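Here the structure comes first, spelled out in structure tokens, and everything after it is commentary.
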Amino acid sequence: MKKENTVIVVLAVLAAVIAATWLVLVAPALTGNEINMTRGVTSTSASHYNLHMIVLWVCVIIGIGVFTAMFTSIVLHRKSRGHKAATFSHSTLAEIIWTVIPVLILVAMAVPATTALIKMEDSSGAEMTVKITGFQWRWKYEYLDHDISFISALDTASNAARQLESGIEPASVENYLLDVDHPLVLPIGKKIKFLITADDVIHSWWVPALGWKRDAIPGFVNEAWTNIDEPGTYRGQCAELCGKDHGFMPIVVIALPQAEFDAWTRQQLADSQNQQQEMERLWTKQELMQHGESVYANACASCHQSEGQGLTPAFPALAGSKVATGPVDAHIDIVMNGRAGTAMSAWREKLSETDIAAALTYTRNAFGNDTGDVVQPLTITKIKRQNTKQETAP
Ligand SMILES: [Cu+2]
């Protein structure tokens with residue numbers, strides 16, 4: 001090879017290697033932000049990362065080849081050195097080469113990609129199952145093997161800071177819009193299957209560190225699985241545009257060693273027994289008003305506004321409204337089952353019986369709605385049981 005050619009080849013190789021090294025190593029070290037794809041914490045995310053790196057290096061090698069050829073032609077075969085353009089218009093050999101080589105490269109990359117995809121879809125041999133249901137705008141988690149279920153919604157601090165009138169600076173809230181009241185707690189080193197669905201519109205359950213994302217579609221049950229390697233807190237979000245508060249339904253997964261997970265499940269069962277007892281006792285009006293105020297702030301205020309003034313035309317005012325000051329049975333029905341054709345969704349699965357009773361009592365006695373009505377959690381429980389009976393009756 002001529003000396004000039006060698007210099008150009010060496011320069012092209014160096015440029016490509018420097019660019020790739022910059023992307024993968026130097027830029028993250030300088031900026032503190034990962035520019036490259038992250039490795040994640042599961043076998044699935046690791047296989048995606050490895051695939052991505054293989055493809056990246058294939059691209060680097062192709063880049064070296066193409067740029068070397070290009071710059072060799074531009075610099076060494078330029079017109080000013082007396083070179084004339086070739087006049088041939090067809091070369092069967094060249095066409096065969098530039099078809100066969102890319103096909104071989106693509107086939108070589110498709111083999112590991114397909115293997116990873118098949119493994120991702122295979123949830124057989126799972127040791128526990130969690131059902132995930134998306135609602136506007138919260139997630140319900142049901143641990144099918146442990147008799148545990150709860151709703152996970154945006155945490156109170158983020159929820160307060162996102163309301164403009166609160167005057168709270170979002171930057172002052174840690175993990176702003178990425179924290180929830182009840183995180184999904186999972187054990188590490190265990191194959192966990194997820195059954196993912198939705199109860200209103202399409203949502204999408206996505207935690208990047210796990211290495212996948214699945215749509216939650218009403219009427220469909222999508223499957224996915226994970227096996228988390230390291231304990232930690234992993235955050236994600238709903239990844240499907242699902243309405244007004246789409247940006248406010250984060251996901252938090254806490255991965256714990258098995259023993260800690262077992263302790264957590266025992267605590268959850270004890271808590272749910274307490275909740276059951278709370279639901280069955282008679283509450284005073286003052287207790288319901290106090291609890292109702294916080295339920296209202298978390299669940300109702302984003303549409304009906306903090307002082308019940310509403311946001312016309314989509315979200316009617318509750319202050320002085322016919323529903324909140326009218327017959328209590330009709331009010332309970334709207335809150336539990338929603339109102340067709342409006343933005344009011346059904347809350348029976350999204351809030352506990354105690355929360356629904358407290359929110360009803362609060363809205364019927366706050367904002368100048370002095371009805372004096374008290375709705376007991378037990379009343380809501382009875383209505384819920386009746387409805388369930390009617391739905392399951394043959
Ligand atoms: Cu959503």
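The shown structure was predicted, so the numbers you read here are calculated from the model rather than taken from an experiment. Read the numbers this way: they start at 1 and go in the same order the structure lists the ligands and their atoms.
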Item to complete: Could you pull out the atom name of the N/O/S atom in H203 that is nearest the Cu ion (ligand 1)?
Response: ND1
Discussion item. Taking the ring of H146 and the ring of F261, is the distance between their centroids below 6.0 Å?
Written reply: yes
Discussion item. I'd like to know if the Cu ion (ligand 1) has an N/O/S atom from C242 within less than 2.8 Å of it, counting both backbone and side-chain atoms.
Written reply: yes
Worksheet item: Does the gap between the ring centers of F367 and Y362 come in under 6.0 Å?
Response: yes
Discussion item. In this structure, is the centre-to-centre distance between the rings of W347 and F135 below 6.0 Å?
Written reply: no
Practice prompt. Classify the angle between the aromatic ring planes of Y143 and W264 as parallel (below 30°), tilted (30 to 60°) or perpendicular (above 60°).
Written response: tilted
Worksheet entry | Contact check: M249 to the Cu ion (ligand 1), N/O/S below 2.8 Å | yes
